[in-house]
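For reference, the structure is listed below as structure tokens.
All chains are named by letter (A, B, ...) in the order of the sequence lines, taking the proteins before the strands, and each is independently numbered beginning at 1.
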Amino acid sequence: MALATKYSPNEVESKWYQYWLEHKLFASKPDGREPYTVVIPPPNVTGVLHMGHVLNETIQDILVRHARMEGKNACWVPGTDHASIATEAKVIKRLKEQGINKSDLTREEFLKHAWAWTEEHGGIILKQLRQLGCSCDWDRTAFTMDEERSKAVISVFCDLYRKGLIYRGLRMVNWDPERQTALSDEEVIYHDEHSKFYYMKYMVAEEPGKYAVVATTRPETIMGDVAVCINPKEEKNQWLKGKHLIVPIVGRVVPVIEDRYVEIGFGTGCLKVTPAHDANDYMLGQKYNLTTYDIFTPDAHIDLSGIEPEQQANCRKYQGMDRFDCRKQIAEDLIEAGLMDHVEDYDNKVGYSERTNVPIEPRLSLQWFIRMQHFADIALPPVMQDDIVFYPAKYKNTYRNWLENIKDWCISRQLWWGHRIPAYYDADLLKETGLENYPNDKIIVSETAPEGNYVQDEGALDTWFSSWLWPISLFNGIAEPNNEEINYYYPTADLVTGPDIIFFWVARMIMAGYEYQGKMPFKHVYFTGIVRDKLGRKMSKSLGNSPDPLDLIARYGADGVRMGILLSAPAGNDILYDDALCEQGRNFNNKIWNAFRLVKGWQVADTEQTEAAELAVAWFDAKLKEANVELSDLFSKYRLSEALMVVYKLFWDEFSGWYLEMVKPAYVNGEAQPIDRTTYEATLRFFDVLLKMLHPFIPFITEELWQALEERKPGESIMRENLKLDAPTEGEQAVLKNVEDIKLIVSGVRTVRAQKNIAPKECLTLQVVGANLNGTYRAAAMKMANLEDIVEVKEKDSNAQTFLVGTREYGIPMAGLIDAEAEIKKAEAEIERLEGFKAGIGKKLQNERFVQNAPAQVVEMERKKFADAESKIQALKESIAALKK
RNA sequence: GGGCAAUUAGCGCAGCUGGUUCAGAGCAUCUGCCUUACAAGCAGAGGGUCGGGGGUUCGAAUCCCUCAUUGCCCACCA
């Protein structure tokens, strides 16, 4: 078989993915086996694959493939999220490019465009996952807005409404003026900002000429001012008690009110109260029964229509201005009018909309909410008690903190792309009362539209209101409780996701899980880190530091990329991505490829097994078992990069570096000798096991080679194989240990070669002082170190270069190559080091408290160390004596 | 402002309940090698007083206190 010396993954990968699909090898149906279920964190339907997905999906695929090979019925359910606000924004943008405004369209027309967009761009990301090798059961592909999922959403909304857990109310919400919709608290991101603190003069109505200074970061809201609040305890503002102030420019006369909410010593102690545009001010407004003047349009431009006519006249010039333009203008005008005391630089935090990245406007608005206390109560204990286990555990704190301070969840959005709220209003009554005053008890919430003249609520639901049902709705557990699938696959096993959506998604799935299934939605949550570039910066489009995963796959192969992303990704740590890691992955694939070429290139004959090969086979058998124990342990702790490192070293160092070299047939007269059948078959067996161990990490190359290892039937695949190994026996553990010693001896010889510039080809003789190696160990050492003989000597040869393994001394006769002087110096230095070491231990051993208090085992260890050091010193002294002869 | 985590070799990390698997592996670096599987390779080597300081202990990278730096989460100081 002529195989290239370089592995080229590209055709191989698409070939095997096709094969897996054709034979439906990812498919799962309920059966008698133990289920292992994973639901994908649904990516945005119109999204494209980025490095974060690569990390996340690779980990899931490793877990799924591993479970499958453990004999579990693995089911990985893929799907996408309709991503209400993000998708709607994209559609609006495209329409705009076509010269169409959303406001010119009816809801139905807009939705047509949105669906068209979804069909056009939807599912691209799922195709990309195939290139990564993800073993999802594609027949189960779901969408948060497909029929089954939508039914679940509507039914849950109605159910929670009936339980009194959903209500409609006028509240101060986070308003996105760009998209003109309410957002939940979680969708607001706070940024530090350098802004200004404006100190404005409010004249005292009762005492002309005197004024109070009121500081604000938002002078544009003065048109909504209805009071100035002071702390009743603040000395310097006592004189303002009971007075009235005139809002500058606006001319409105407002009372000074007193409330302990105002912090003494902050600013001037005078807080302007604008109930319509600040959550705290709203609270004050409620408490003191103040008027609320909303002075903004939904897109945050000034709208004076709500305020008194004469004040409107005073502010006419601001009508219709953008809020930030207005801020500048008012500041200028105040300065001009002499009503600005002064302006300071000020650092504060400003909330931005997660999706549109515009500053949030607190806005009083009629929205739908979920009462969260109930859900916090059912979702907190299981995580704290580790019924659901978080990896890493530190996120338990984060989780608890959020649940203990939970606020009601605003679930309505003023969007069209999403699940429409199933609330209906009597058309005639609505006309009479308007939406705000429409009586709550006349709202009909129902799965189906009521008969008669009703209009449906215009709002749609927060995307996360559908995602939180994902582990249930994927198995149709809402519409059809206790169906076979939900009973079999639920609860799912592992959830793999980023910590950034712990509140958005993880916490809420736990809530829905207990509410609707009475059980956890998943047993383990694996939080990945954030993928950063090698300088530690977040990957972002604007920085241009985010590589295209497909491009990486083209360069390194999917297997190489999977390894690259995993190699330095311990759970919960950020990973610093570097192309070099993919290169390392690619190199490893190449290593496997070449090992395979070697083995498959051997001629096989029914000859006798060499002693070295006999040992190698026994040893590697044990080695595999040992590694498997370690692997299982690491998998159980989700320490996947470490697991990969274990197999990596097992294949590269132990198998390729030691095993294959030990069994490799010799060349005689330039002719490759055949290998004996026993060793050959063992080697194939080992290769088979190694491929299985590697398969979850690098599925493509392992399938390729496994298929080539021997004749396979159509539909057979490594991914459906089981991997079961016993732990090494005591005898095998002894072999493992002895071979480690042989390796040290071989390394010792190689070091001498390197130091003395002796070619690897040159045969050497090894002397062992006071002992000799036996049988297969001797044969293996001879082969690996290229020795012609290993002999026992009573005393070290003065002409030999020596080294120690443990306490035993080895020598290689050098015939004049020894620099006695240098050797003596080296030995003396070593003796000095050992003397120091020995002295330290000696002191310890003479310390009675140590001998009394330390466990006997530890004391025994120290004694052995002491004795070993002594015998090493003795050996070195003998060496020196011999050299001096 | 509150909380959580981290700090160990040039880099990114592992070191569980204190004592031989305690100072580790990987990559990078350096020195030899195109040795008939692989130069995307082979052999060998160097490199850290475990962030600083204090304490507990016979014994501390590991436990406690403190300081420093970094990162993350939460919070209504206008």
Closest non-hydrogen atoms of A:Arg260 and A:Pro232, given as atom of the first, atom of the second and distance, are N-CD, 4.1 Å
Toward the 5' end of RNA chain B, which comes first, A:Arg639 or A:Ser656, by nearest nucleotide? A:Arg639
Could you write out each protein N or O paired with an N or O of nucleotides 19-28 of chain B at a distance under 3.5 Å?
| from | atom 1 | to | atom 2 | distance (Å) |
| --- | --- | --- | --- | --- |
| B:A25 | O2' | A:Lys649 | NZ | 2.4 |
| B:G26 | O2' | A:Gln584 | NE2 | 3.0 |
| B:C27 | OP1 | A:Tyr648 | OH | 3.4 |

Can you tell me the distance, in whole Å, between the CG atom of A:Leu764 and the C1' atom of B:A43? 14 Å
Filtered N/O pairs between nucleotides 76-78 of chain B and protein, under 3.5 Å:
| from | atom 1 | to | atom 2 | distance (Å) |
| --- | --- | --- | --- | --- |
| B:C76 | O2' | A:Asn280 | ND2 | 3.3 |
| B:C76 | N1 | A:Asn280 | OD1 | 3.3 |
| B:C76 | O2 | A:Tyr261 | OH | 3.1 |
| B:C76 | O2 | A:Asn280 | OD1 | 3.3 |
| B:C77 | O2 | A:Glu263 | OE1 | 2.0 |
| B:C77 | O2 | A:Glu263 | OE2 | 3.2 |
| B:C77 | N3 | A:Glu263 | OE1 | 3.0 |
| B:C77 | N3 | A:Glu263 | OE2 | 3.1 |
| B:A78 | OP2 | A:Tyr346 | OH | 2.5 |
| B:A78 | N6 | A:Phe266 | O | 3.0 |
| B:A78 | N1 | A:Glu263 | N | 3.4 |

Convert the base pairs of RNA chain B into dot-bracket notation, remembering that pairs crossing earlier ones are written with [ ] and that bases paired across to another strand are shown as |; include only Watson-Crick or G-U pairs under 3.5 Å. (((((((..((.(.....[....).)).(((((.......))))).....(((((..]....))))))))))))....
With a 3.5 Å cut-off and heavy atoms only, can you find an N or O donor on one side and an acceptor on the other between the side chain of A:Lys394 and the base of B:C4? no
Please indicate whether A:Lys233 has more than 12 foreign heavy atoms, meaning atoms of other residues, nucleotides or ligands, lying under 6.0 Å from its NZ. no
Of the options B:G44, B:A37, B:A14, whose atoms approach the side-chain atoms of A:Ala754 most closely? B:G44
What nucleotide, of B:A39, B:A14, B:A37, holds the atom closest to the side chain of A:Lys6? B:A39
With nearest nucleotides of RNA chain B determined for A:Val851 and A:Pro760 from heavy-atom distances, which residue corresponds to the more 5′ nucleotide? A:Pro760
Per atom distances to the A:Asn594 side chain, the nearest of B:G44, B:C38, B:G12 is B:C38
For A:Lys272, run the side-chain hydrogen bond (donor to acceptor under 3.5 Å, both in side chains) check against A:Thr221, A:Asp278, A:Thr216 and tell me which one passes. A:Thr221
What integer distance in Å separates A:Asn405:CG from B:G1:C1'? 14 Å
